[in-house]
Amino acid sequence: MNKDKIFKLAKGFRGRAKNCIRIARERVEKALQYSYRDRRNKKRDMRSLWIERINAGTRLHGVNYGNFMHGLMKENIQLNRKVLSELAMHEPYSFKALVNVSRTAFPGNNAVPKKEGLSSIL
Amino acid sequence: MATTIPTSAFIATPHRCSTGRSSAIWVQKAQFSASSSSLGVSLSLKRPSLRLVSVRCEANGAGMPVIPAQERWMYEESEINGPDIWNKTWYPKAADHVNTEKTWYIVDASDKILGRMASTIANYIRGKNLATYTPSVDMGAYVIVINAEKVAVSGQKRSQKLYRRHSGRPGGMKIETFDQLQKRIPERIVEHAVRGMLPKGRLGRTLFTHLKVYKGSEHPHQAQKPIPLPIRDKRIQFVKK
């Protein structure tokens, strides 16, 4: 790549890295490596952000993320985490309905199934 | 809130449910519209940049202007239909985290286990209890701690837990026990605990300024009308054996 292209990519860099070709070339190479790596990392980061938001949203209703997702999987609800996090933020009543669906499907560790009749003695 | 019903109808269609039960759930949902108290304080619906339902063709003042079909090719999708909220992950605008509109919480620290209390405080300050949590933005609340000198620790920590600091010069390590520091500056104990649980960095330092610790039971923030901090930890109360 010739110097003009390097300087075009080096806009906004700190200090001599935007002006002097030797330093700018190194920094631009590094920047391109980072952007390659981060195009892959971005997908991971976004997913973990969605999971954190869903976790916070479900805990408002007393259910944690793990039990919530397990309940959704049991009901074969195939909404992905991106949509679930947007629902938790923008559509609180719909999200509460989803949490209830999940809770009926999978009550979690707290709900001990009651044994009836003979098995309660055993 | 009749406006939420059409949006839930929109959601029902792409969601594939194998059981017949789910249709009954959507009918039940109509009853939820009255019960907003169960959703917690965080879901205040007065965020200016989010609207629950955007009626796109009706421009109410500075809304979306109606673009005729022949000219649609000249404009971008966001100009024609409004911002895409379903395919782009929401990022808070400046109006979504104004400091003056944040909730204030208050905790009475007397006979509460230090670390467990600090952990819930740090979660609320960081905003991790809200569905709108964003790691790069300060979305959390303010927390006031009163009676900081009565905070409790279990075991022998009262005489054995050490607080160290270093002046930077050789031989400048200063060590104090929990007891001594509590007599000297009791607020520092809670501050040290919470600061260790907040992120370290520029944002973490501003988050730390949202923690207000006081020695007695008086605090100067009555005007902010703080609400009691909801603590879900069952083992936070110090039990004397």
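Numbered from 1 within each chain, the chains take letters A, B, ... in sequence-line order.
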Of all pairs that satisfy salt bridge (charged side-chain N to carboxylate O under 4.0 Å, His left out), the ones with a partner from residues 78-87 of chain A, not counting sequence neighbours:
none

For B:Lys200, does the NZ atom sit with more than 12 other heavy atoms under 6.0 Å from it, leaving out its own atoms?
yes

Take a 6.0 Å sphere around CZ of A:Arg14 and say whether it holds more than 12 heavy atoms from other residues, nucleotides or ligands.
no

B:Arg72 atom CZ, over 12 foreign heavy atoms within 6.0 Å:
yes

Can you tell me how far apart CH2 (B:Trp86) and CD (A:Glu91) are? Round to the nearest 0.5 Å.
4.5 Å

Show every donor-acceptor pair shorter than 3.5 Å between a side-chain atom in residues 227-238 of chain B and any protein atom, with sequence neighbours excluded, or say none if there are none.
| residue | atom | partner | partner atom | Å |
| --- | --- | --- | --- | --- |
| B:Arg232 | NH1 | A:Arg59 | O | 3.3 |
| B:Asp233 | OD1 | B:Arg116 | NH1 | 3.4 |
| B:Asp233 | OD1 | B:Arg235 | N | 3.1 |
| B:Asp233 | OD2 | B:Arg116 | NH1 | 3.3 |
| B:Gln237 | NE2 | B:Asp111 | O | 3.2 |

If you check every heavy atom in residues 41-58 of chain A against those of chain B, which residues fall under 4.5 Å?
A:Met46, A:Leu49, A:Trp50, A:Glu52, A:Arg53, A:Ala56, A:Gly57

What residues form a side-chain hydrogen bond (donor to acceptor under 3.5 Å, both in side chains) with A:Asn80, not counting sequence neighbours?
none

